[in-house]
Number of protein chains: 2
Amino acid sequence: MSPVALYIQLADLLEARITSGEFAPRKPIPSEAHIEQEYGVSRGTVRAAIRLLRERGLVATMPARGTYVTERKS
Amino acid sequence: MSPVALYIQLADLLEARITSGEFAPRKPIPSEAHIEQEYGVSRGTVRAAIRLLRERGLVATMPARGTYVTERKS
DNA sequence: GTACATTTGTTCGTATGTATA
DNA sequence: GTATACATACGAACAAATGTA
């Protein structure tokens, strides 16, 4: 057994939505509260996933603004 | 050998920082997350240490606020 | 200028599972 | 079996910043 933590699964899901183009560069992804409801997970799990996305360089978070998809070169 | 549990060592360290005056009365000590990172231990260990400090009467914890150094008579 | 809603940031409380000694 | 230690996950409350009406 090699269980994958929920927040990692969520980060991978969100990454897929970014790389697919569903969430476009320079635009915000849904808010933490929105993702929380959409996936039925806790806010802490959402924040852990988004932290991973930041560490992967996919997004940048601005307090009281939102989390934005990073500009990527193709 | 008389091994001392990690959370007890941590409690003693924090107590020293309180009695030395580094953490002053009526002021909060660093958050659980901060101590966790500072000492590289898990949150459970931090909480066990703080629970000891409470039992020793050195601090009082307020949910969602922080853990405060108790007023001491000299 | 004020009030309100939205959003992220922070903090402690609780529970569960895994691993180790 | 018990105690320790870590990681994960959910909940709740409060704070701060931003934007808008």
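Model, not experiment: these values are computed from the prediction.
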**Prompt:** B:R26 and B:Y68: which non-hydrogen atoms are nearest, and at how many Å?
**Reply:** O-CD2, 3.7 Å
**Prompt:** Which whole-number value in Å describes the distance from A:R51 CZ to C:dT8 C1'?
**Reply:** 15 Å
**Nearest non-hydrogen partners of A:L53 and A:A11, listed with the distance** = CD2-O, 3.5 Å
**Asked** Contact class for B:G44 (heavy atom, under 4.0 Å): base, sugar-phosphate, or nothing?
**Response** nothing
**Donor-acceptor contact present, side-chain A:T67 to main-chain A:T61, <3.5 Å** = no
**Message:** I'd like to check the side-chain contact (heavy atoms from CB on, under 4.5 Å) partners of B:E22; sequence neighbours left out, ordered by chain and number.
**Reply:** B:R17, B:S20
**Complete:** Taking for A:G40 and for B:G40 the nucleotide of DNA chain D with the nearest heavy atom, the one nearer the 5' end belongs to B:G40
**Request:** Measure the distance from CZ on A:R47 to P on C:dT10 and round it to the nearest whole Å.
**Result:** 7 Å
**Short side-chain to backbone donor-acceptor contact, B:T19 and B:E15, under 3.5 Å** = yes
**Request:** Identify which nucleotide among C:dC12, D:dT8, C:dG9 has an atom closest to any side-chain atom of A:A5, counting heavy atoms from C-beta outward.
**Result:** D:dT8
**Prompt:** Charged N to carboxylate O below 4.0 Å: is that the case for B:E32 and B:R43?
**Reply:** yes
**Asked** Between atom CG in B:L52 and atom C1' in D:dT4, what is the gap in whole Å?
**Response** 13 Å
**Minimum-distance pair of heavy atoms, taken over all atoms of A:Y7 and A:A49** = O-CB, 3.4 Å
**Prompt:** Considering only side-chain heavy atoms of B:P63, which listed nucleotide, D:dC6, C:dC12, D:dC10, is closest?
**Reply:** C:dC12
**Prompt:** Bend across the helix from C:dT2-D:dA21 to C:dA21-D:dT2, to 10°, with axes taken over 5 pairs at each end?
**Reply:** 0°
**Message:** How close do A:L10 and A:V46 get, counting heavy atoms only, and between which atoms?
**Reply:** CD2-CA, 3.9 Å
**Asked** Is the shortest side-chain N/O distance from A:R65 to OP1 or OP2 of D:dA17 below 4.0 Å?
**Response** no
**Asked** Are B:T61 and C:dG13 close enough that a side-chain N or O sits under 4.0 Å from OP1 or OP2?
**Response** no
**Message:** If you assign each of A:A64 and A:V41 to its closest nucleotide in DNA chain D, which residue comes earlier from the 5' end?
**Reply:** A:V41
**Request:** Round to the nearest Å and state the distance from B:L53 atom CG to C:dC12 atom P.
**Result:** 13 Å
**Message:** Any residue in residues 7-38 of chain B with a heavy atom nearer than 4.0 angstrom to DNA chain C? Just list them by number, or reply none.
**Reply:** B:S31, B:E32
**Asked** Nearest heavy-atom pair of A:V59 and A:V69: which atoms, and what distance?
**Response** CG1-CA, 4.3 Å
**Nearest-angstrom distance from the residue atom OH of A:Y39 to P of D:dC10** = 14 Å
**Prompt:** A:R43 has an atom CZ; how far is it from atom P of C:dT7, in whole Å?
**Reply:** 11 Å
